[in-house]
Amino acid sequence: VSTDKNNHVEIKWSPIQEATYFYQYEIYRILGHPSLGNDTSLVAIMLNHEIDHFWDSTAGDGISHYYSITVVDVTGKRESSDFIRGLTKP
């Protein structure tokens, strides 16, 4: 997750290799540290398993957000990453 971009946060991940049961990626964002208990927002859904990045242009300048990527398969099974901090330049 980027911490040095103007006007956006860039989130990158390693795409899944086996797409047989892939359904979608979901990108989640929390304002502030996850331990603060703030609401989690779904900011994007990606339907292509080859996608390996997302630009959050709604993050706002100089604001700290935390991001998680969830992979969902066709049966509804979900696997999520830990939340990682992203920040735009003020």
Side-chain angles (χ1 to χ4, degrees):
V1 178
S2 65
T3 58
D4 62 348
K5 307 290 184 193
N6 290 319
N7 304 317
H8 72 278
V9 173
E10 184 176 10
I11 301 110
K12 292 183 179 184
W13 61 90
S14 297
I16 63 168
Q17 299 301 311
E18 178 55 51
T20 303
Y21 299 105
F22 174 83
Y23 183 65
Q24 66 190 22
Y25 292 115
E26 297 172 349
I27 315 297
Y28 290 92
R29 178 178 76 191
I30 296 176
L31 176 60
H33 194 274
S35 66
L36 297 175
N38 294 334
D39 290 337
T40 302
S41 300
L42 176 63
V43 293
I45 294 175
M46 312 286 206
L47 301 177
N48 182 339
H49 77 280
E50 295 176 341
I51 292 175
D52 66 353
H53 67 281
F54 171 72
W55 283 24
D56 183 1
S57 59
T58 65
D61 290 340
I63 299 173
S64 179
H65 292 281
Y66 286 75
Y67 294 87
S68 176
I69 311 300
T70 297
V71 178
V72 183
D73 72 15
V74 294
T75 68
K77 181 181 175 188
R78 309 165 72 79
E79 290 193 31
S80 299
S81 69
D82 291 334
F83 279 90
I84 300 173
R85 183 176 179 254
L87 178 69
T88 56
K89 287 183 178 179

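The first residue of the sequence shown is numbered 1, and numbering continues consecutively from there.
With hydrogens and angles ignored, the 3.5 Å screen pairs a side-chain donor or acceptor of Ser68 with a backbone N or O of Ser81. A donor-acceptor pair under 3.5 Å is formed between the side chain of Asn38 and the backbone N or O of Leu31. Checking side-chain atoms of Thr88 against main-chain N and O of Gly60 turns up a donor-acceptor pair under 3.5 Å. Looking at Glu10, its side chain never comes within 3.5 Å of a backbone N or O of His8 through a donor-acceptor pair.
Separation of atoms NZ (Lys77) and OG1 (Thr70) is listed at 13.0 Å; rounding is to 0.5 Å. The structure places CD of Gln24 at 11.0 Å from CE of Met46, a figure rounded to the nearest 0.5 Å.
Ring geometry, Tyr66 versus His33: the interplanar angle exceeds 60°, so the pair is classed perpendicular (tilted spans 30 to 60°).
Ring pair Trp13/Phe54: centre-to-centre distance not below 6.0 Å.
Screening Ile30, Ile27, Ile84 for a side chain to side chain contact (heavy atoms under 4.5 Å, CB included) involving Tyr67 leaves a single residue, Ile27.
Salt bridge present: Asp56 and Arg29 bring a charged side-chain N and a carboxylate O closer than 4.0 Å.
Counting non-hydrogen atoms of neighbouring residues, nucleotides and ligands closer than 6.0 angstrom, the OH atom of Tyr28 exceeds 12 such neighbours.
In this structure, Leu47 is a member of the same hydrophobic cluster as Leu42, with clusters built from ILVMFWY side-chain heavy atoms closer than 4.5 Å.
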